[in-house]
Protein chains: 2
Amino acid sequence: MATTIKEIAKLAKVSIATVSRALNDDKKVKSSTKKLIKSIANELNYNPNLLARSFVTKKSNIIGLVMPDIFGEFFMEIIRGVDEICYNHGYYTMVTSSHSNRSMVEAIVDYMSKGIVGGLILMTPLVEDDVKKTLASSKIPLVVISGKSELQKWDSISIDNFNGAYSVVDYLAEKGYKKIAHISGPQKNNDSIQRELGYRQALKNNGIEINKSWIVTGDFTINGGQAACETLMKLENPPEVIFASNDMMAIGCYVAARHLKLKIPVDFAVAGFDDIFVSQFLNPRLTSVHVPIYELGTNAAQILINRMNGNNDPIQNVKILTELIVGGSC
Amino acid sequence: MATTIKEIAKLAKVSIATVSRALNDDKKVKSSTKKLIKSIANELNYNPNLLARSFVTKKSNIIGLVMPDIFGEFFMEIIRGVDEICYNHGYYTMVTSSHSNRSMVEAIVDYMSKGIVGGLILMTPLVEDDVKKTLASSKIPLVVISGKSELQKWDSISIDNFNGAYSVVDYLAEKGYKKIAHISGPQKNNDSIQRELGYRQALKNNGIEINKSWIVTGDFTINGGQAACETLMKLENPPEVIFASNDMMAIGCYVAARHLKLKIPVDFAVAGFDDIFVSQFLNPRLTSVHVPIYELGTNAAQILINRMNGNNDPIQNVKILTELIVGGSC
DNA sequence: TATTTGAATGTAAACGTTTTCATTGCGTGG
DNA sequence: CCACGCAATGAAAACGTTTACATTCAAATA
């Protein structure tokens, strides 16, 4: 079995308390004994039993990352970002999703109540009331990655959806497009809501009136985007360009174009949001709004670790800025 | 603080031992007391402290998943598969990568020695000697997801790279192509090696002689694929079709085609391996070998959990079968 | 010299759970 | 009616670590 401080204590002829202190760099230990203990620990290849330590200190350096799903590069990048920071600080990353058959709340509660994780990162485009209630009772620090800053409740990171959408629609208007349609995401999804607001504001500021038949609700999937696009292009008065609330639906527009034998960007133009990996290989390249997802993860993890180390600064609500990527699709 | 078995014991007027037994469904507890204890536990919203439990039992229901990198849909799908099975069995998934600045070995040792994880899934295309040595000393069960079955050492899951590559090259030969080139992956990468072997065997079986100048080493990246493709197409005697060892490099061929103003599949054809998400949206759709990556993850997790539960069957070396996906790229 | 200080170390409790080894009490067979 | 066995429960140790409190010893102060 693995070596324990007991064995080190025996060899160093000191008590386990001294060993513990020495290994934790307590100032009260004479530097000579400290050196001795450390060298013995090294020799024996000692590794502290983190379970025992967490158990007694009631602190865990495991960070729980709860997501609605584990799929696609968005979540992947989040995990990567979180893991990177965790690794740099000696923390561990535990991931899970709500697994369709359980609610987000159950997933969170599971993580919070077992005593395993010492901090929580919750990634969800929509913080529902029951989730809020659960979070409010949390004894461990947590950070929310969300579509919208949950001001004054928890630390949060969110994408600047509004300005991202604004920038792309504004670009379209400046380019001379007048008939600008929008395929939104799910109704209650905060990312989607904010992006639609940005769309509307950009139209307004450019003196373009909103045509309700040009705003169609999608579901963030390729199929949804395709259906929405076909609906739009079959209108008596079809739009010149479609701003899809995410790239997946924009890809759906490409598929629809092939079906309808229409050519992008000559017959109609397309723009998306997220700038996912695929988008640069679409033909023509998709104009989109780049989101530094990785930074969402690193920021969340950094803030959380600070909190876990006792940081008591006021609640932070970080907004991650986006960048317009211009392709040949419009 | 959270409720403990002590409080339950007090309320039920029994000892903590009985509570522990009752909650663990020990047969020796009278069913009436068991019922009482469980109802009280329920009432108090009791959750066992997993740290304490793992600490005393020396078993952890946390599975460590170590990967060379956390990037792209391949790893994402693995994580998803592992998480799904873990969730279904009440296990937890902890992920990490080797983070470029530490070796795979360090990452593994870190996970093994801290007592946190009770089982390990190691995902790597190449099990090097130092890793082997480390794994050999492991006290906890582990499963390897690799490019090649490490027979008789550890349970392993691997992709049937050889037959996957064989099937696509055989398809090309049957279609009438004679000049079939290959862009391989990194030299020591097992996935790459097996795929090249499949390529060679398929040529042989179809009576096609191997032309060494048509085999170029790539690095699994888009840029590498592009460079390799340009090298090939600038030969005096360029090939008719290129089989790239993965889809990323196949995408590089598309990029090269654009540069060279060549048209796929008329000027030259392309096939890949992996059937990544992007591939279906390339124009024309990429012919590739589909790999059920998700199942790699679920299989690995399932085998590992069985081992953690005391399964002592002989070592398993599972090979995951592939499927040829025919697109318009050849 | 007697007392105080403080640095260095030791003692032992505590964390929540499982588990081994008693202990109790009751029914059954002789 | 005694002994035995068995079902049900309890008492207490154990896991590895941290930490509050106690102790020691020597140097510094009065």
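All chains are named by letter (A, B, ...) in the order of the sequence lines, taking the proteins before the strands, and each is independently numbered beginning at 1. All values reported here derive from a predicted model rather than from experimental measurement. FYI, side chains are in, hydrogens and waters are out, and symmetry mates aren't considered; it's all heavy atoms of this structure.
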Which nucleotide in the list dT18(D), dG16(C), dT18(C) gets nearest to the side chain of Ile5(A)?
-> dT18(D)

Nearest-Å distance, CG (Asp26(A)) to P (dA8(C))?
-> 10 Å

Nearest 0.5 Å please: distance from the CD1 atom of Ile16(A) over to the CG atom of Leu23(A).
-> 11.5 Å

Whole angstrom value for the distance that separates P of dG10(C) from CD1 of Ile8(A) = 14 Å

Base, sugar-phosphate, or nothing for Ser20(B), non-hydrogen atoms under 4.0 angstrom?
-> base

side-chain hydrogen bond (donor to acceptor under 3.5 Å, both in side chains) partners for Asp155(A), two or more places apart | Arg307(A)

Return the value, rounded to whole Å, for the distance between atom NZ of Lys114(A) and atom C1' of dG16(C).
-> 14 Å

Interatomic distance where CG belongs to Leu51(A) and P belongs to dT17(C) [whole Å] = 14 Å

Indicate the ring-plane relationship of Phe55(B) and Phe55(A), choosing parallel, tilted or perpendicular according to the 30° and 60° boundaries.
-> tilted

Could you state the atom-to-atom distance from CZ of Arg53(A) to C1' of dG16(C) in whole Å?
-> 19 Å

Does Tyr46(B) put a side-chain nitrogen or oxygen below 4.0 Å from OP1 or OP2 of dT17(C)?
-> yes

For the atom pair CG (Asp69(A)) and OG (Ser98(A)), what is the distance rounded to the nearest 0.5 Å?
-> 7.0 Å

Starting at CD of Glu295(A), measure out to CD1 of Ile159(A) and round the result to the nearest 0.5 Å.
-> 11.5 Å

Whole-Å gap separating P (dT17(C)) and NZ (Lys59(B)) = 18 Å

Those residues at least two apart in sequence (or on a different chain) that pass side-chain hydrogen bond (donor to acceptor under 3.5 Å, both in side chains) with Asn306(A) are Gln302(A)

Rounded to whole angstrom units, what separation is found between the CG atom of Asn49(A) and the C1' atom of dA14(D)?
-> 14 Å

Using a cut-off of strictly less than 4.0 Å, decide whether Asn24(A) has a side-chain nitrogen or oxygen near OP1 or OP2 of dT18(D).
-> yes

Tabulated below should be each protein N or O lying under 3.5 Å from an N or O of nucleotides 8-12 of chain D; please produce it.
| unit_1 | atom_1 | unit_2 | atom_2 | d |
| --- | --- | --- | --- | --- |
| dT9(D) | OP2 | Lys30(B) | N | 3.0 |
| dT9(D) | OP2 | Thr33(B) | OG1 | 3.1 |
| dG10(D) | OP2 | Ser15(B) | N | 2.7 |
| dG10(D) | OP2 | Ser15(B) | OG | 3.2 |
| dG10(D) | OP2 | Thr18(B) | OG1 | 2.6 |
| dG10(D) | N7 | Arg21(B) | NH2 | 2.8 |
| dG10(D) | O6 | Arg21(B) | NH1 | 3.3 |
| dG10(D) | O6 | Arg21(B) | NH2 | 3.3 |

Is Phe55(A) stacked on the base of dT17(D) when the test is centres under 5.5 angstrom and planes under 30 degrees?
-> no

note: Lys10(B), atom NZ; dG16(C), atom C1'; distance rounded to Å ~ 15 Å

Please answer whether the main-chain N or O of Ser103(B) pairs with a side-chain N or O of Glu106(B) as donor and acceptor at a distance below 3.5 Å.
-> yes

